[in-house]
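Before any comments, here is the structure.
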Amino acid sequence: MVRLHADLDRCRGAGQCVFTAPDLFDQDDVEGKVVILVPSPGPDRLPLADRATVACPNRALTLVSE
């Protein structure tokens, strides 16, 4: 199983995760920081989750194997 992890201290609200994978991520209304909508994406969504982690300019997102 793979889980998405967001480091909210590193997140600056650039929104690249939402742009790349809007079904996996959103942004909060207060600071614009990432909100993970699907914490454990299935195999069909892993490529999108991976692209979103790479697209994050602040490297606030990671995929963690459990």
Side-chain angles (χ1 to χ4, degrees):
M1 175 183 280
V2 176
R3 291 189 61 81
L4 281 163
H5 172 74
D7 182 341
L8 297 180
D9 291 330
R10 294 184 72 128
C11 181
R12 298 293 176 251
Q16 293 304 304
C17 55
V18 177
F19 179 74
T20 303
D23 61 324
L24 299 178
F25 302 97
D26 200 354
Q27 289 177 278
D28 72 45
D29 293 331
V30 177
E31 296 181 49
K33 293 192 178 199
V34 64
V35 174
I36 297 173
L37 300 176
V38 182
S40 297
D44 59 321
R45 291 180 169 175
L46 279 179
L48 259 160
D50 186 52
R51 273 184 270 181
T53 62
V54 171
C56 178
N58 297 299
R59 303 292 178 244
L61 299 171
T62 52
L63 285 168
V64 180
S65 295
E66 293 184 334

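Computed from a prediction, not measured in an experiment: that's the story for all the values here.
Identified under the salt bridge (Lys or Arg N to Asp or Glu O under 4.0 Å) test for residues 26-38, with sequence neighbours left out: Glu31-Lys33. Within the structure, no pair that satisfies the side chain to side chain donor-acceptor pair (under 3.5 Å) test touches residues 4-20, not counting sequence neighbours.
Side-chain contacts under 4.5 Å among hydrophobic residues (ILVMFWY), followed directly or transitively, place Leu63 together with Val2, Leu4, Leu8, Val18, Leu24, Phe25, Val34, Val35, Ile36, Leu37, Val38, Leu46, Leu48, Leu61. Taking Ile, Leu, Val, Met, Phe, Trp and Tyr as hydrophobic and joining them when side-chain heavy atoms fall under 4.5 Å apart, one finds Val64 isolated, its cluster having no other members. Under a 4.5 Å side-chain heavy-atom criterion applied to ILVMFWY residues, the cluster that includes Val30 comprises that residue alone.
When every heavy atom of Cys11 is checked against every heavy atom of Ala60, the shortest pair comes out as N-CB, 3.7 Å.
With hydrogens and angles ignored, the 3.5 Å screen pairs a side-chain donor or acceptor of Gln27 with a backbone N or O of Gly13.
Under the rule for a salt bridge (charged side-chain N to carboxylate O under 4.0 Å, His left out), the partners of Asp23 that lie at least two apart in sequence or sit in another chain are Arg45.
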